[in-house]
Amino acid sequence: MNTEIFNAKTQKENGTNYAGRIIRSGGLVAFPTETVYGLGANGLDGEAVRRIFEAKGRPSDNPLILHVAKKSDVKELWSHVPDNARRLMDAFWPGPLTIIFVKSDIIPDEVTAGLDTVAVRMPEHKTALALIRAAGVPVAAPSANISGRPSPTSAEHVINDMDGKIDVIIDGGACRVGVESTVITLVGKPTILRPGGITREMIENVIGEVDVSPAVLRPLKDGEVAASPGMKHRHYAPDCRVVVAEGSWRRAASIICREYEIADAMGERCVILGTEQTRSCYHGMNYDIIGDRDDPSSLCAELFAALRRWSGKVDVIFAEAIPESEQGLAYMNRLLRASGFNVLDR
Ligand code: TXA
Ligand code: MG
């Protein structure tokens with residue numbers, strides 16, 4: 001299949017209107033959002049949604065998020081709109097928050113993987129909103145990567161994974177947030193299933209105490225049922241080992257220096273994902289400064305791009321753990337999964 005590539009700036013309305021028609025008629029379009037690039041299809045068309053799973057090689061038991069362009073669209077997608085959902089939508093939509101609630105009858109089983117709940121989000125990216133409006137239907141969209149790889153935060157990442165497999169890629173430049181949306185379920189006690197740019201602290205300011213699923217920072221135990229099917233699959237893995245060092249920045253940097261020397265002596269190609277605070281610790285080594293430990297959102301914005309930059313070019317990536325407060329929780333969730341929970345703390 002020939003994949004058409006549009007530039008969101010130069011081909012503005014023509015491009016999004018055309019891409020919207022492609023979605024409505026059953027095709028696949030990759031598009032920028034403020035979090036990561038999405039791979040969109042008509043969310044009311046089970047056949048079109050099946051094509052997303054094929055293009056990504058995604059396990060069919062992993063449900064998708066429906067993307068809407070206005071808040072009132074949730075009325076058709078959920079059985080009803082609970083009070084705390086309304087408060088969250090008013091506080092954070094458009095933006096990087098996905099809300100799960102009991103689904104209505106119009107939603108095909110392909111979207112929800114047979115669950116009786118559905119995830120909905122209104123993105124804030126202008127191109128995403130224009131595309132959803134042009135499609136005139138809720139747009140089902142997972143991240144636009146081959147399943148298991150780091151999520152795409154630039155059109156180049158999408159092209160690497162999806163060229164020849166989908167109809168259109170809209171290039172809207174780099175994604176601002178860089179990690180996927182926060183996912184919260186409002187069925188039962190509100191629980192964060194995946195941390196993201198909208199933090200637990202921000203959510204608790206609006207609806208009071210919420211739980212965070214324990215699987216956010218550790219692997220599922222044998223026989224444990226995943227609150228979100230996405231938790232049980234391998235994620236964000238580059239084509240090399242990833243090793244995480246814990247502790248204060250001094251401690252983490254000294255563990256990394258020691259392990260780097262050992263790996264280097266064995267002939268392994270290494271890179272360190274460092275921070276402004278630790279730059280001077282890695283003198284003479286191969287390092288890549290990806291952000292500031294005092295601003296975890298800067299690390300979130302760069303993590304997936306850095307994993308893709310070094311994937312296949314080195315044998316091992318070393319990275320520092322950071323505190324799990326605010327956006328640090330989202331960063332550690334992605335980094336730990338990328339490493340397969342390979343953590344050094346000695
Ligand atoms: O930022 C984002 O959310 C991006 C952009 C494109 O919007 N999308 C995204 O989609 O990250 P995806 O499919 O890669 O991640 C959706 C996550 C998965 O972990 C899935 O298991 C979970 O949401 N999910 C979706 N529907 C669910 C449901 N009904 N119950 C529990 N988990 C659900
Ligand atoms: Mg994904």
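As the structure lists them, so they are numbered: ligands from 1, and atoms in each ligand from 1. FYI, side chains are in, hydrogens and waters are out, and symmetry mates aren't considered; it's all heavy atoms of this structure.
Every heavy atom of Thr112 sits 4.0 Å or more from the atoms of ligand 1. Ligand 1 lies nowhere less than 4.0 angstrom from a heavy atom belonging to Lys103.
Among protein heavy atoms, atom 25 (C) of ligand 1 sits closest to Pro63 O, 3.5 Å. Among all protein heavy atoms, the one lying closest to atom 29 (N) of ligand 1 is Thr117 OG1, 3.0 Å. Closest protein heavy atom to atom 21 (O) of ligand 1: Asn62 OD1, 2.6 Å. Closest to atom 19 (O) of ligand 1, if we only count protein heavy atoms, is Gly230 CA, 3.5 Å. For atom 17 (C) of ligand 1, the nearest protein heavy atom (residue, atom name, distance) is Arg194 NH1, 3.7 Å.
Without hydrogens or angle criteria, Arg334 side chain to Glu180 main chain gives a donor-acceptor distance under 3.5 Å. Within the 3.5 Å criterion, the main-chain N or O of Arg121 finds no donor-acceptor partner in the side chain of Thr98.
When distances to the Mg ion (ligand 2) are checked against a cut-off of 2.8 Å, Ser147 contributes no N, O or S atom below that limit.
Ligand 1 has no N or O atom lying under 3.5 Å from any N or O atom of Glu180, backbone or side chain. Residue Tyr37 places no N or O, backbone or side chain, under 3.5 Å from any N or O of ligand 1. Ligand 1 has an N or O atom lying under 3.5 Å from an N or O atom of Ser143, backbone or side chain.
Around CZ of Arg258, the count of heavy atoms belonging to other residues, nucleotides or ligands within 6.0 Å exceeds 12.
Of the candidates Leu97, Thr185, Ile100, Ile100 brings a heavy atom nearest to atom 30 (N) of ligand 1.
Using a 4.0 Å cut-off between heavy atoms, Arg58 contacts ligand 1 through its side chain alone, with no backbone atom that close.
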